[in-house]
Amino acid sequence: MAASQYDVKQEVSDKYSLRGRVFHKIREDILSGKYKEHEELREVAIGEELGVSRTPVREAFRQLELEGLIQIIPNRGAYVTGIQEKDVHDIYMIRSRLEGLCARWATEHITQEQLGEMEENVYLAEFHASRGHLDQIAALDNRFHQILYDACQSKMLEHLLIDYHEYVLRVRRRTLSTAERAAASNQEHRAIMEAIREKNPDLAEKLADEHMKNAYNNIVANGLSEIYREEPGKG
């Protein structure tokens, strides 16, 4: 992609600094599969693509290494490690606990406006599920979790959950594409919503925890291992 097509400096409405925007763009490209495992990331080429100097790219590389998404080898370069199959398991098990805590806190802090938006989200997902509109369901699924994160009123927990959610987007696109799971997932969303509405933190936490574990089991059943075997460079 040419710099004229994607110039980071021109995104003045972005909430991040220049360094932050570069970091998020490279991370998005890694998580989406644009850059494959073991592929070398070149500062100059990425800087030209994004319309920035090498400095914010180099700073982004350091942050990506801290997240475990790349490895910087002295005198050689930066290489993608990305998210592996075991990482997906770990992420979902961590998310199950964190989403449970998030749902618990949401029972204490959710506003009527947020509750109304959550209810509308569930109804819309049911409508699209009945018609097999899987793209809309995926978008609504993402939005349901964002409403939940907002409702817990903890910026620290929200930040963690958003990061973990982004880490597995590529896998979710491949495995949240069956009408059966879409309908079941939305029913789980409805149950979480009802527990929050009834101010039942124990039940909300339990249901949110189970929802994440069910999502992971669905990913395994729908080809998690196959996705990683398909990747170039895998044995």
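Numbering of residues begins at 1 and proceeds along the displayed sequence.
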*Might you work through the side chain to side chain contact (heavy atoms under 4.5 Å, CB included) test for Leu157 and Tyr149, ending with a clear yes or no?*
CA-CA 8 Å; Leu157 182 55; Tyr149 302 163; over 6 Å; no
Under the side chain to side chain donor-acceptor pair (under 3.5 Å) rule, what do Asn142 and His165 come out as? Steps first, then yes or no, please.
CA-CA 9 Å; Asn142 291 338; His165 193 71; 3.0 Å; yes
- Task: Assess whether side chain to side chain contact (heavy atoms under 4.5 Å, CB included) is satisfied between Leu115 and Met193, documenting all intermediate values.
- Result: CA-CA 8 Å; Leu115 194 55; Met193 178 189 71; 4.2 Å; yes
His109 and Cys152: CA distance, side-chain angles, deciding distance, side chain to side chain contact (heavy atoms under 4.5 Å, CB included) verdict:
CA-CA 6 Å; His109 301 296; Cys152 80; 5.9 Å; no
* To do: Mind running side chain to side chain contact (heavy atoms under 4.5 Å, CB included) on His211 and Leu207 for me, showing each step along the way?
  => CA-CA 6 Å; His211 176 59; Leu207 292 171; over 6 Å; no
**Check against side chain to side chain donor-acceptor pair (under 3.5 Å), Glu67 and Tyr167** = CA-CA 11 Å; Glu67 289 202 4; Tyr167 286 157; 2.8 Å; yes
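Side-chain contact between Ile110 and Trp105 is absent, with no heavy-atom pair separated by less than 4.5 Å. The closest side-chain heavy-atom distance from Met118 to Leu148 is below 4.5 Å.
Using a distance-only test at 3.5 Å, with no hydrogens or angles considered, no donor-acceptor pair links the side chain of Asn217 to the main chain of Asn214. Gln114 places a side-chain N or O within donor-acceptor distance of the main-chain N or O of Thr111, the cut-off being under 3.5 Å. Checked by atom type and distance alone, the side chain of Thr81 pairs as donor or acceptor with a backbone atom of Gly68 at under 3.5 Å.
Between Arg197 and Glu194 there is a salt bridge, since at least one side-chain N of the basic residue sits less than 4.0 Å from a carboxylate O of the acidic one. Between Asp209 and Lys213 there is a salt bridge, since at least one side-chain N of the basic residue sits less than 4.0 Å from a carboxylate O of the acidic one. With respect to the salt-bridge test (charged N to carboxylate O, under 4.0 angstrom), the residues Asp90 and Arg95 do not qualify. Salt-bridge annotation for Lys34 and Glu28: absent, with no side-chain N of the basic residue lying under 4.0 Å from a carboxylate O of the acidic one. The pair Glu119-Arg190 does not meet the salt-bridge criterion, since no charged nitrogen lies less than 4.0 angstrom from a carboxylate oxygen. Salt-bridge annotation for Arg42 and Glu40: present, with a side-chain N of the basic residue lying under 4.0 Å from a carboxylate O of the acidic one. Using a 4.0 Å cut-off between charged side-chain N and carboxylate O, Glu126 and Arg131 make no salt bridge.
Heavy-atom contacts from other residues, nucleotides or ligands closer than 6.0 Å to CZ of Arg19 number 12 or fewer. Other residues, nucleotides and ligands place no more than 12 heavy atoms under 6.0 Å from the OH atom of Tyr164.
With 3.5 Å as the limit, one finds a donor-acceptor pair spanning the side chains of Glu158 and Gln146.
Taking the six-membered ring for Trp, Phe144 and His189 have ring centres closer than 6.0 Å.
Linking Ile, Leu, Val, Met, Phe, Trp and Tyr whenever their side-chain heavy atoms come within less than 4.5 Å leaves Leu124 and Val122 in two separate clusters.
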